[in-house]
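Take a look at the structure set out below.
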Amino acid sequence: DKQRTRRSINRIVVLTNADDEEELMEDLNVDDGSVDSGTEEPDCDGSERKRLKLLEAISALGGKKKRRIGERSEAAVNMSEFTVNAEGEGDKIQLSDLIQSANETQTVPLKTRKQLKHLQQQHNTLDSPLSKQETQRIQRDVAFQKTAAEVSRWKGVISQNRQAEQLVFPLNQESAGPKPMERVVTSWRAETPLEQQVFALLSANKQPTLDPVLTPVEKLSQRAISLEEAKIRRAELQKARALQSYYEAKAHRERKIKSKKYHRVQNKAKRKEFVKQFDQMVKTDPAAALEELNKIEVARMQERMSLKHQNRGKWAKSKAIMAKYDKDARKAVQQQLEVNKDLTQKLVRSLNDEEEEEEEEAAVGEPELMPDFVNQAESGLDSSNPWMKAQLPEAYAERLEEESVGVTPEKAEMEVNKAEEEEEEEEEDNREEEEVLLSQFEQRRKLSRLQEADVKLVPQVENQEEEDAAQESSDHEEEVEEEEEEVVEEQLAHFTSLFQAITKNSQDDGAERAAPVQMEEGLVRIRTVEDVELLTEDLVAADQPPQSDPAPPAENPPSTAAAAGKSRKNRRGIELTEVLTKDTVDIDVPLGPTVTETEDTSEEVKGQRGLISEAFAGDDVVADFIKDKRKHEDEGKPKVVDLTLPGWGEWGGTDLKPSTRKRRRFRLRSVPPPPRKDQHLPSVIISDKRNSSITLHQVESLPFPFTNPSQFESTIGAPVGRTWNSEQVVRKVTKPKVVTRLGTIIEPMTQEELMKGKQ
Amino acid sequence: MKVKVLSRNPDDYVRETKLDIQRVPRNYDPTLHPFEMNREYTRALNATKLERVFAKPFVASLDGHRDGVNCMAKHTKSLSTLLSGSCDGEVKMWDLSRRECVRSLQAHEGFVRGIVVRFCGTSFFTAGDDKTIKQWKMEPPGYGEEEEPLNTILGKTVFTGLDHHQKDAVFATCGQQVDIWDEQRSTPIRSFTWGVDSFSAIRFNPVETELLASCASDRSIVLYDMRESAPLKKVIMTMRSNTVCWNPMEAYYFTSSNEDYNLYTYDMRYLERPVTVHMDHVSAVLDVDYSPTGKEFVSASFDKTIRIFPHDGGRSREVYHTKRMQHVICVKWSADSKYILSGSDEMNIRLWKANASEKLGVLTPRERASINYNQKLKEKFQHHPQIRRIAHHRHVPKNIYHQTKELRVMKEARRRKEKNVRKHSKPGAVPVVPEKEKHVVAVVK
């Protein structure tokens with residue numbers, strides 16, 4: 001029990017302040033005393049009295065000093081009213097006195113009784129309290145332990161930050177702009193009456209309490225439009241409505257028009273419009289285009305099945321009869337057929353994948369969308385359906401004409417070139433336009449002649465076709481056909497003649513061009529990089545000449561010779577022969593074509609190579625290198641050391657020389673060194689000597705974090721620049737360790753950082 | 001005839017907008033770019049040279065004080081504001097961007113010993129030799145108003161240091177004892193004594209905000225917890241520490257500037273030996289302040305120089321001095337970690353760049369990239385003698401140069417002697433004491 005109390009006392013000592021603690025100790029001592037003096041007579045007669053007495057004793061102990069209550073017999077400050085003193089009042093109370101009753105009562109368990117008996121035998125006293133210094137030391141130590149443990153929480157964050165590849169300060173960068181209140185204030189409630197009032201007001205007026213950006217009213221007002229805007233909008237609506245009514249009226253009026261021609265024109269325009277739209281649709285909305293295409297396809301199928309416009313009907317037959325005499329009727333029939341043709345014409349469906357593939361398989365080289373006239377020309381050959389030819393003329397002819405116009409100027413120019421070979425350029429410019437016009441005239445004349453020839457050829461074919469046609473259709477139809485066919489044939493002839501002319505021209509051109517290409521092939525042999533450069537220059541030069549005319553060969557030789565001489569002089573800077581181990585083989589080359597070329601390129605050659613050679617006139621790098629290498633080789637060669645001493649063992653004098661035997665004897669030849677490593681490498685010098693100028697830049701000892709040289713070497717050897725690494729790698733590798741922003745206050749680390757780390 | 005033509009896909013070379021960078025096709029085949037190490041070495045050498053060429057750290061000098069600048073304080077919210085107190089009791093407020101004094105007030109009789117800005121930035125405290133602590137408004141008084149402190153506390157003894165809590169209305173002073181004050185009360189809420197009669201500096205820990213460290217005249221550094229009734233621990237060193245500064249990013253590290261020319265970085269949990277001993281000064285170190293990034297700190301010394309040390313490096317990376325700068329008494333590192341401010345004996349405050357060769361202002365991305373690359377190269381080749389030679393070369397005044405040499409000789413002599421003693425005595429009788437342990441005398445619990 002005592003031990004326990006001591007322990008508790010100790011604990012109290014540690015935890016409480018010094019003064020408090022002293023008081024407490026006193027109290028405890030007093031308590032002990034009270035226990036001592038309290039119960040002394042266990043077997044008194046009246047229990048009531050006993051209790052009173054105990055109470056009195058305890059109350060008497062409340063004061064600091066233990067007071068003895070004197071008998072009445074003598075004068076004393078405190079008198080016992082009962083004139084009797086309790087027996088042994090001043091005696092100390094023993095633990096045994098307290099627990100005697102416990103031993104007697106049967107309700108106390110045996111175990112407790114044993115423990116009490118054991119305690120009775122011990123007579124240890126309490127330790128004296130620690131000194132003030134000592135207790136403070138303990139307090140400090142405890143506090144330090146606590147603080148150290150608390151501070152150690154930062155260990156993870158600190159080590160993490162130290163190892164971090166990049167730290168961006170300030171650490172907790174917040175995004176700019178307003179933030180909702182719940183993010184700023186996590187646990188905040190309106191508590192004071194003022195706050196409550198304010199919030200009540202806010203909520204009553206539908207002001208935002210959480211999101212500070214906009215009130216609902218503000219949002220509404222934002223959404224609402226101003227009066228002016230509303231006016232403008234109304235005006236727009238009015239206008240739209242008026243336009244719609246106009247449009248409706250117009251459409252109604254147009255529908256009422258009875259003129260067929262008008263409608264035809266209209267329809268045609270519409271169709272054109274539709275085609276245009278369709279073209280656009282193909283680009284913008286392929287799905288819709290495909291649908292349209294399907295519609296057309298369906299219409300075509302229906303047409304083919306129904307034979308509606310095939311002129312088989314009653315009306316058509318009557319018209320056919322009438323057609324012989326009536327032009328209108330003829331036209332009507334024709335139109336019918338046109339419609340039929342339009343409808344039955346199969347469309348090239350570039351959009352449909354399967355068909356496209358099939359087409360591709362069929363004709364790989366052909367373009368996807370064939371020009372119309374090609375198909376038409378083919379169908380034109382199909383004599384079984386003469387109506388198919390009907391459409392050819394207009395667009396086709398136009399296109400042909402365009403082509404002819406497009407082609408002629410080129411040819412004209414070429415002719416001009418031919419014609420003006422000897423003339424100067426200024427005159428050329430002046431005359432060009434006239435020449436072009438003239439040549440165009442000529443061209444046309446030629447073409448017309450060709451056409452005439454074609455026309456003469458055609459009739460035979462025509463006759464055949466006529467016969468075929470006669471078998472099928474009636475007379476007037478033939479007439480129509482004839483007329484049309486004549487037109488067609490004419491234009492076809494026109495086209496073919498043109499085509500022939502073009503091909504002829506192109507062939508001529510080809511022949512002209514082929515000649516220089518062939519000659520070039522044998523000209524240059526590539527051996528070094530410089531040669532390649534020369535070659536490219538030549539090629540560039542060769543590409544240019546066709547425009548310029550080949551000059552008469554008689555003039556050229558002197559100039560070329562001069563140019564060649566110049567170029568040779570220019571090349572003096574670097575002598576290839578010194579580098580090359582083999583001799584160059586001279587190649588005989590036909591002079592003519594080269595002559596023209598060199599003359600053309602001479603200026604350019606002079607321009608580039610001349611500049612370079614002028615710039616590097618002084619330094620003959622290759623020769624220097626060879627000299628250098630020779631020097632190195634000579635240094636490495638064994639040297640003969642002459643140790644002969646004239647006059648030693650024989651006569652010496654001014655005119656006397658040591659004997660040859662002696663000289664031979666005392667001349668030391670060192671052992672020849674191993675062959676040089678760069679023996680077979682003409683453009684390399686390998687030196688094994690340590691270069692002191694380099695050692696100046698070399699690391700002498702292994703720096704700290706590295707453990708072995710290879711590690712260090714690999715680190716140094718890995719390049720970080722963008723010459724060797726991709727942009728991302730460079731950015732990653734060269735990331736600075738610490739990034740701070742100019743003009744931003746970096747706050748010290750906060751406890752939130754710790755929380756972040758824990759999460 | 002078929003003519004083959006070179007054709008390129010426009011997507012490969014056409015930019016979408018004119019602001020896009022031109023796409024440059026690159027071939028990273030190493031055989032095409034030989035001598036990578038040599039070329040990078042040359043680049044690194046050039047970068048190092050340029051760095052030295054552009055190293056112009058001195059930005060401005062602020063003059064106006066009529067006595068030595070004894071203490072300075074950074075504004076907690078404004079980067080361009082600086083407060084300084086001088087030895088004649090005058091406090092000046094400076095606008096750094098304009099480089100001029102915006103306000104000056106006679107705060108104390110005698111020295112202004114300590115000055116600190118409240119965490120909110122609306123007021124500041126000064127402590128002086130006249131045994132008073134005064135709280136002042138940050139705004140200057142209006143026209144016709146007297147310059148008066150918001151609050152004045154009359155103390156019983158002289159205050160030698162002052163610091164404010166990071167986020168509570170509590171501040172600490174030191175003098176004969178360390179006092180913790182509530183802003184609202186005129187008596188300290190707590191006083192710490194530990195058998196010492198004089199403290200020279202006190203600092204709150206900015207991270208673990210309840211901790212304090214102070215330097216005492218018995219050559220000790222004492223740690224406190226504001227919540228405890230007694231101090232925590234103290235370490236006694238061979239010589240007195242002048243000031244102490246906590247690392248703002250690493251809670252348990254602090255650095256003290258010592259009279260023995262060194263600075264010591266301690267882990268507060270293990271005071272038996274400092275983590276690092278920072279040597280380079282040739283006279284007593286008077287002040288120290290950490291960079292807000294916690295990666296470096298700056299020290300001011302009686303030898304008329306400022307040095308910048310890495311937080312874990314034993315040697316300084318930079319030394320700043322000018323002909324006219326005398327003993328540097330106080331030093332601060334600006335809150336954006338770009339500048340250093342030093343107040344010295346000859347009444348001037350000087351503004352320095354923290355990185356001597358750094359280009360200040362907005363950088364274009366390419367500029368930044370090239371700076372980063374150069375930095376990386378310098379770091380990569382830092383061990384090469386030529387580069388190290390150039391990078392480490394600093395010009396110092398003659399007396400510092402000679403003193404450094406002298407110190408080196410002395411140190412070498414001491415080392416040699418110790419070695420000889422060890423050689424001639426019984427093995428183990430003269431133990432090898434590492435440098436870190438030489439300076440700690442005792443740790444008192």
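As a basis for the values below, the full set of heavy atoms in this structure was taken, side chains included, without hydrogen atoms, waters or symmetry mates. To find a chain, count down the sequence lines: A is the first, B the second, and so on, and within it residues start at 1.
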Between B:Gln166 and chain A, with a heavy-atom cut-off of 4.5 Å, which part of the residue counts as in contact: side chain, backbone, both or neither?
side chain
Any donor-acceptor pair under 3.5 Å linking the side chain of A:Arg140 with the backbone of B:Lys445?
yes
Side chain from CB out, backbone as N, CA, C, O: work out which of these in A:Arg722 comes under 4.5 Å of a heavy atom of chain B, or both, or neither.
both
Please classify the contact between B:Thr76 and chain A as side chain, backbone, both or neither, with a heavy-atom cut-off of under 4.5 Å.
backbone
Please classify the contact of B:Glu250 with chain A as side chain, backbone, both or neither, using a heavy-atom distance under 4.5 Å.
both
So for B:Pro206, is it side chain, backbone, both, or neither that comes closer than 4.5 Å to the heavy atoms of chain A?
both
Under 4.5 Å from a heavy atom of chain A, the part of B:Leu32 involved:
neither
Between A:Arg741 and B:Asp336, is there a donor-acceptor pair closer than 3.5 Å when you use the side chain of the first and the backbone of the second?
no
Which pairs count as salt bridge (charged side-chain N to carboxylate O under 4.0 Å, His left out) when at least one residue sits in residues 696-713 of chain A, sequence neighbours excluded?
none
Distance alone, cut at 3.5 Å: any donor-acceptor contact between the side chains of A:Thr715 and B:Lys380?
no
Applying ring-ring contact (aromatic ring centres under 6.0 Å, His included), can you list everything that pairs with B:Tyr253, at least two apart in sequence or on another chain?
none
Scanning both residues in full, the closest heavy-atom pair of A:Ile158 with B:Met249 reads CG1-O, 4.3 Å
Can you find a side-chain donor-acceptor pair between A:Thr723 and B:Arg39 that sits under 3.5 Å?
no
Report yes or no: do A:Trp724 and B:Glu40 form a side-chain donor-acceptor pair below 3.5 Å?
no
B:His384 to A:Phe712 - nearest heavy-atom pair and separation:
CE1-CZ, 4.3 Å
